[in-house]
Amino acid sequence: MDRIRIRGGRPLSGSILIGGAKNAALPLMAAGLLTNERLTLSNVPLLADIATMTSLIAQHGVAVEPLDDAGRSLSIGGTIDNTEAPYDIVRKMRASVLVLGPLLARAGEAQVSLPGGCNIGTRPIDLHLKGLEQMGAVIRLEGGYVHATAPRGLHGASILLTMPSVGATENLLMAASLADGRTVIANAAREPEISDLARCLVAMGARIEGIGSDRLTVEGVSRLHGAQHAIVPDRIETGTYACAAAITGGELLLRHAQLEHLGAVARVLAEAGVEVTEQADGLMVRRLNGLHGADAMTEPYPGFPTDMQAQYMALMSVAEGAAMLTETIFENRFMHVPELNRLGARVNVHGASAIVRGVPALSGAPVMASDLRASASLVLAGLAARGETMVSRVYHLDRGYEAMERKLATCGAEIERVEG
Ligand code: EPZ
């Protein structure tokens, strides 16, 4: 298993190109199942999760063809000849469950493995299933799989999500696009990745109103056609590198980043003493003077994203004063805390909240990644820590960050990947 070695203490400067959003690319690839024609996606990030989704879609008999050498443009389309999403793929990537709605809508059936446990929480899919049942699906759980059929096709429904689930909103939006009649999804999640998916579906011929709001109205159509779609830049990658600039006392231009999508993160960073300014082709991030503690509570978009909590905690660990971080989305998303404390941070967890008391400096040590955003948090801490930090199990990092060590090294970080 690869590791990443960092010698900290060097302020970063330079520019980093922000890639396409992982959490937009995954549902958009699943949307490729909604038509026989070719859906072309550009600005595709080169990530392990994209490779996993590619193998899952190929498993359904639908071709995913790279249109360039790097694979940053993909063409998806074909006839579905297998409606099973097997456990050995789904257990590696929970987002595999996003094929459920498209398979039901196109093929009238799906056998999708239940995702099983996840480090950050139980992450059930009950809202996905209830919504699909309201649309006429017959769902049976057996042998660790969701067995879903739509014997008479899917029909429109009025669905109220008890919580604004990102995945449920995406699955139901895709299913509703081909359902017979009108579907309203109330209390829908509003993440930019959902708006990106909706815009792509509209380009494919779907009829969707309320994009960007918490109420989506879909008039189902009989078929969708091919389209070309450029994936929205990754706001979590943006926030992660913004924290890298801040924690090292440097200055980074994050090219292609969008301030609107960084919303609450930019506001919290400003409170902590980090300036984020819009430039012609991205965002300039720099620490003004000292870093000071600023509280953050994770919330559905447009609130502070749970996917930024671990990275922000690393930043707060070297701020003056204290910060309270409250995690309201997942029940176990503080696994980075003991590892940050090994680097000299002073973080205490009390239930859903963690109090971070800033220290003058962190000191390098071997640490272990436990999940995607926790691994990013440890890299950030290593950039600031005195001495050497070795982060192991970086396969977690590779799921959601393209060539992080290369991007940081080009901006002055002393960081390298240790193979094997
Ligand atoms: C998406 O996961 C993201 N993944 C996650 O990013 C992100 O943390 C999460 O949204 C919240 O923003 C992708 O987009 C691929 P949810 P998802 O359904 O869809 C509960 C990353 O680091 N819930 O909005 O699984 C659930 O347990 C990953 O890139 C139900 O109870 O998130 C959780 O507590 C990690 N029943 C909360 O809702 C359901 O049917 C939010 O989950 C569905 C969800």
Side-chain angles (χ1 to χ4, degrees), residues 1-2 19-34 41 44-64 66 71 74 76 80 82-104 110-129 144-146 148 165-171 174 189 191 193-194 196-197 231 234 236-237 240 305-307 310 329-330 332-333 335 369-376 393-404:
M1 285 187 255
D2 290 0
K22 167 180 82 81
N23 291 349
L26 295 172
L28 283 164
M29 290 176 75
L33 296 170
L34 291 167
L41 299 175
V44 179
L46 305 185
L47 302 170
D49 273 8
I50 301 297
T52 303
M53 184 59 89
T54 296
S55 63
L56 176 59
I57 290 173
Q59 151 99 9
H60 295 313
V62 173
V64 180
L74 297 175
I76 304 170
I80 295 169
N82 178 324
T83 56
E84 180 184 348
Y87 176 62
D88 67 331
I89 293 181
V90 178
R91 71 180 174 78
K92 279 192 292 190
M93 186 184 67
R94 311 180 55 76
S96 305
V97 78
L98 293 173
V99 300
L100 179 56
L103 289 174
L104 262 180
Q111 302 81 35
V112 176
S113 169
L114 283 164
C118 166
N119 280 344
I120 63 177
T122 52
R123 301 181 74 180
I125 60 169
D126 55 311
L127 299 177
H128 302 235
L129 303 182
Y145 275 71
V146 174
S165 156
V166 171
T169 302
E170 291 165 341
N171 242 332
M174 290 189 280
E191 275 67 9
E193 295 77 30
I194 291 168
D196 203 41
L197 171 65
I231 297 172
D234 193 320
I236 305 301
E237 186 187 21
T240 303
T306 175
D307 293 349
I329 306 293
F330 291 108
N332 185 34
R333 204 168 195 177
M335 282 167 300
S370 53
D371 61 81
L372 168 56
R373 306 303 174 182
S375 48
R393 299 192 178 181
V394 293
Y395 58 85
H396 290 294
L397 194 72
D398 296 336
R399 293 190 52 181
Y401 291 93
E402 183 180 334
M404 177 181 266

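Everything numeric in this text was worked out from a predicted model, so none of it was measured.
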Side chain to side chain contact (heavy atoms under 4.5 Å, CB included) partners for [X], two or more places apart:
| X | answer |
| --- | --- |
| Ala95 | Leu26, Met93, Leu98 |
| Ala63 | Arg38, Glu65 |
| Ser370 | Met335, Ala374 |
| Pro124 | Thr122, Asp126 |

Are any of the side-chain heavy atoms of [X] and [Y] separated by less than 4.5 Å?
| X | Y | answer |
| --- | --- | --- |
| Ile120 | Thr306 | no |
| Leu129 | Val146 | yes |
| Val97 | Ser113 | no |
| Leu104 | Met174 | no |
| Val394 | Met404 | no |

What is the distance from atom [atom1] of [X] to atom [atom2] of [Y], rounded to the nearest 0.5 Å?
| X | Y | atom1 | atom2 | answer |
| --- | --- | --- | --- | --- |
| Ile76 | Met53 | CD1 | CE | 9.0 Å |
| Leu34 | Ile80 | CG | CD1 | 8.0 Å |
| Leu47 | Asp398 | CG | CG | 9.0 Å |
| Thr169 | Leu127 | OG1 | CG | 8.5 Å |
| Asp234 | Thr240 | CG | OG1 | 7.5 Å |
| Glu170 | Leu100 | CD | CG | 13.0 Å |

Those residues that, when tested against [X], pass salt bridge (charged side-chain N to carboxylate O under 4.0 Å, His left out) (two or more places apart):
| X | result |
| --- | --- |
| Glu193 | Arg235 |
| Glu84 | none |
| Arg399 | Asp49 |
| Asp371 | none |

Test side chain to side chain donor-acceptor pair (under 3.5 Å) applied to [X] - qualifying residues, sequence neighbours left out:
| X | value |
| --- | --- |
| Asn332 | none |
| Glu237 | Lys407 |
| Ser165 | none |
| Arg373 | Tyr401 |

Nearest atoms (heavy-atom pairs only) where [X] meets [Y]:
| X | Y | result |
| --- | --- | --- |
| Ala110 | Leu103 | CB-CB, 3.8 Å |
| Ser55 | Ile89 | OG-CD1, 4.2 Å |
| Ala24 | Asp196 | CB-OD2, 3.9 Å |

Polar side-chain atom of Arg94 near backbone of Arg123 as donor-acceptor pair, under 3.5 Å: yes

Heavy-atom neighbours of Tyr145 OH exceed 12 at 6.0 Å: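 Yes, the 6.0 Å shell around OH holds more than 12 heavy atoms from other groups.
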
